[in-house]
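Contents: one structure, followed by commentary.
Since we're looking at a predicted model, the values are computed, not measured. Just the heavy atoms: all of them, side chains too, but no hydrogens, waters or symmetry mates, feed the values below.
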Amino acid sequence: MLSKIRNLSTKNKKPLVTYMNPNSIISEQFRTIRTNIHFLTDQNKRKVFLITSPNKQEGTSTAIANLAVSMAQNREKVLLIDANLRSPALHQIFKSSNDIGLTNVINGSSELNEAIVQTGIAQLHLLTSGTISPNPSDVLGDYRMEELLEKVGGIYDLVLLDTPSVLKSTETRILASLCDGVFILLNRGKTKIEEAEESKKIMNLAHANVLGLLLNEKK
């Protein structure tokens, strides 16, 4: 599956286009992606998905936030998890505190229900990254991360994970093997063909289920 997102800027002062302007072309494109995901996953009841990119700053956080909003607008109960412990951004997009989040749940200092945030958008909940760890791969490679995904998978209709660059971060490969499906975001004019190919190769080595590519056509 190759889905295109027209001019989704990571520097947009109002990155939640699907919420602020649901009738825009970009919002319609996310509805198309939403429909494509359902076609790919409904028969297998998959519900935990990861979005990554070959390099940093290619728009994954903005893309996954808008996809999560679009899914919630379809009356699905959605949990958005910021698993980018190197450069978390979802708490900024949703203007939420990041004092308690994913890392705090994994290390046992907070309960899941204490860490999950109401976004103000019906059906959409957020689990921010939480306290930044110096060893992201160790934190996300812990068995408690797998247990967490199994738990939230039983609570929500859909779980979406924002992760760092697959070419730069070991933990993305670890998480990909725990998810039901992976989408790789490519940036037109920025992502090189060999980087896209290498990303797909790495995901295959991690035994990840790559469901498709998302193309950010920002010029």
T103 versus L140: any side-chain heavy-atom pair under 4.5 Å?
no

For residues L80 and L90, determine if any side-chain heavy atom of one lies less than 4.5 Å from a side-chain heavy atom of the other.
yes

How about M145 and V139: do any of their side-chain heavy atoms sit closer than 4.5 Å?
no

Around atom CD of E198, are there more than 12 heavy atoms of other residues, nucleotides or ligands at under 6.0 Å?
yes

Looking only at atom types and distance, does a side-chain atom of N74 sit under 3.5 Å from a main-chain N or O of E76, one as donor and one as acceptor?
no

Under the side-chain contact (heavy atoms from CB on, under 4.5 Å) test against I64, which residue among V69, D162, L214 passes?
D162

Would you say S61's side chain and P88's backbone share a donor-acceptor pair under 3.5 angstrom?
no

Contacts of type side chain to side chain contact (heavy atoms under 4.5 Å, CB included), residue E197, not counting sequence neighbours:
I193

Residue pairs involving residues 112-139 (criterion ring pair (Phe, Tyr, Trp, His ring centres under 6.0 Å); sequence neighbours excluded):
H125-Y156

Please tell me if the side chains of L211 and N209 come closer than 4.5 Å, counting only heavy atoms from C-beta onward.
yes

Quick one: does S165's side chain have a donor or acceptor within less than 3.5 Å of a partner on K168's backbone?
yes

Assess the side chains of S109 and N107: does a donor N or O sit below 3.5 Å from an acceptor N or O?
yes

Side-chain H-bond candidate by donor/acceptor type, S24 with S27, under 3.5 Å:
yes

Closest approach of T163 to T60 (non-hydrogen atoms, all atoms of both residues):
O-OG1, 4.0 Å

Can you give me the closest heavy-atom contact between R34 and S70, atom names plus distance?
NH1-O, 2.7 Å

So do I81 and L102 actually touch side chain to side chain, heavy atoms under 4.5 Å?
yes

Side-chain donor-acceptor pair present, N98, T128, cut-off under 3.5 Å
yes

Close side-chain approach of L161 to C179, heavy-atom, < 4.5 Å:
yes

Any chance you could measure E150, atom CD, to L148, atom CG, to the nearest 0.5 Å?
9.5 Å

Rounded to the nearest 0.5 Å, how far apart are CG of N23 and OG1 of T18?
12.0 Å

Rounded to the nearest 0.5 Å, how far apart are CG of L79 and CG of L160?
8.5 Å

Partner of I202 under side-chain contact (heavy atoms from CB on, under 4.5 Å), picked from L167, T172, I184, is L167

Check whether any side-chain N or O of N135 sits under 3.5 Å from a backbone N or O of D138 as a donor-acceptor pair, and report yes or no.
no

I121 side chain near Y19 side chain, heavy-atom distance below 4.5 Å:
yes

Strictly distance-based, threshold 3.5 Å: is any side-chain N or O of R31 a donor or acceptor partner for the main-chain N or O of P22?
yes

Strictly by modelled atom types, are E58 and N216 linked by a side-chain donor-acceptor pair under 3.5 Å?
no

Is K77 atom NZ crowded by more than 12 heavy atoms from other residues, nucleotides or ligands, each under 6.0 Å away?
yes

What's the shortest heavy-atom distance between A176 and A208, and which atoms?
CB-CB, 3.7 Å

Assess the side chains of N104 and S110: does a donor N or O sit below 3.5 Å from an acceptor N or O?
no

